[in-house]
Amino acid sequence: DVVATFRPSPSLSLGACCGLAREGRPVGDAAHWMGVGAYARYAPPESKTALALRAEYYDDANGAISGTPQTLKELTATLEHKPAAHLTLKLEGRYDRSSADVFAGETTGRDGPSFSKHSQFLVLLGAAASF
């Protein structure tokens, strides 16, 4: 793993990461996977609000980690607000796309949702309090 961060100004943070791995198996060829990511966060020092964007790419051609041979791509946008010193609220939108059908589809059978989609979109609202 390699991680790099850079702060070109008091308001802007940039970062990137890359991870490569190889795992030997008792039978057959070794499994390989890799991932890269990048982010940018804009948070003026005098503001209670910040905006962050993150993109990631993950290749698990052997399905060693995810269980399914696939390539995943992800894009996330986060709006963060601190209404009080010890409270942070986050609204996040995330889009995931895979080269395989790994996300739950619209139809549900007796055994639960079918995995029939290449992509999904999530919206999350979170709160964190610190003491």
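Just so you know, residue 1 is the first one in the sequence shown, and it goes up from there. What you see is a predicted model, and the numbers here were worked out from it, not measured in a lab.
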Could you report the tightest heavy-atom contact between [X] and [Y], atom names first, then the distance?
X     : Y     : result
Ala40 : Leu14 : CB-CD2, 3.6 Å
Met34 : Tyr57 : SD-CE2, 3.8 Å
Gly19 : Asp1  : CA-OD1, 3.2 Å
Ala31 : Ala64 : CB-CB, 3.6 Å
Ala30 : Asn62 : O-OD1, 4.2 Å
Cys17 : Val3  : CB-CG2, 4.0 Å

With a sphere of 6.0 Å drawn around CZ of Phe121, does it hold more than 12 non-hydrogen atoms of other residues, nucleotides or ligands?
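Count over threshold, so yes.
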Around atom NZ of Lys73, are there more than 12 heavy atoms from other residues, nucleotides or ligands closer than 6.0 Å?
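For Lys73, atom NZ is not crowded (no more than 12 foreign heavy atoms under 6.0 Å).
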Could you state the interatomic distance from [atom1] ([X]) to [atom2] ([Y]), rounded to the nearest 0.5 Å?
X      : Y      : atom1 : atom2 : value
Thr78  : Tyr39  : OG1   : OH    : 12.5 Å
Ser11  : Leu51  : OG    : CG    : 12.5 Å
Phe6   : Leu12  : CZ    : CG    : 8.5 Å
Phe103 : Ser119 : CZ    : OG    : 7.5 Å
Lys48  : Thr88  : NZ    : OG1   : 11.5 Å
His32  : Asp60  : NE2   : CG    : 12.0 Å

Heavy-atom side-chain proximity of [X] to [Y] below 4.5 angstrom:
X      : Y      : result
Asp101 : Lys117 : no
Leu125 : Lys90  : no
Val123 : Leu91  : yes

Should Trp33 and Leu72 be counted in the same cluster of Ile, Leu, Val, Met, Phe, Trp and Tyr side chains packed under 4.5 Å apart?
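Yes, Trp33 and Leu72 fall within the same hydrophobic cluster.
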Cluster link Ile65 to Val102, ILVMFWY, side chain under 4.5 Å
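Yes; Val102 is reachable from Ile65 via cluster members.
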Is a salt bridge present between Arg94 and Glu92, judged by a nitrogen-to-oxygen distance below 4.0 Å?
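Judged by the 4.0 Å cut-off on N to carboxylate O distance, Arg94 and Glu92 do not form a salt bridge.
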Go through it in stages, so that I can follow the logic: the residues are Thr49 and His81, the test is side chain to side chain donor-acceptor pair (under 3.5 Å), and I'd like the CA-CA distance, side-chain angles, deciding distance and then a yes or no.
CA-CA 4 Å; Thr49 303; His81 183 68; 2.9 Å; yes
Can you list the residues that meet the side-chain hydrogen bond (donor to acceptor under 3.5 Å, both in side chains) rule with Arg7, with sequence neighbours excluded?
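Applying side-chain hydrogen bond (donor to acceptor under 3.5 Å, both in side chains) to Arg7 gives none.
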Not counting sequence neighbours, which residues clear side-chain hydrogen bond (donor to acceptor under 3.5 Å, both in side chains) with Glu80? List them please.
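Expected list: Arg41.
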Using side chain to side chain contact (heavy atoms under 4.5 Å, CB included), reason through Tyr42 and Leu53 one step at a time and then give a plain yes or no.
CA-CA 9 Å; Tyr42 181 73; Leu53 298 173; over 6 Å; no
Under 3.5 Å side-chain donor-acceptor pair for Ser98 and Gln70:
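On atom types as modelled, these side chains qualify, holding a pair under 3.5 Å.
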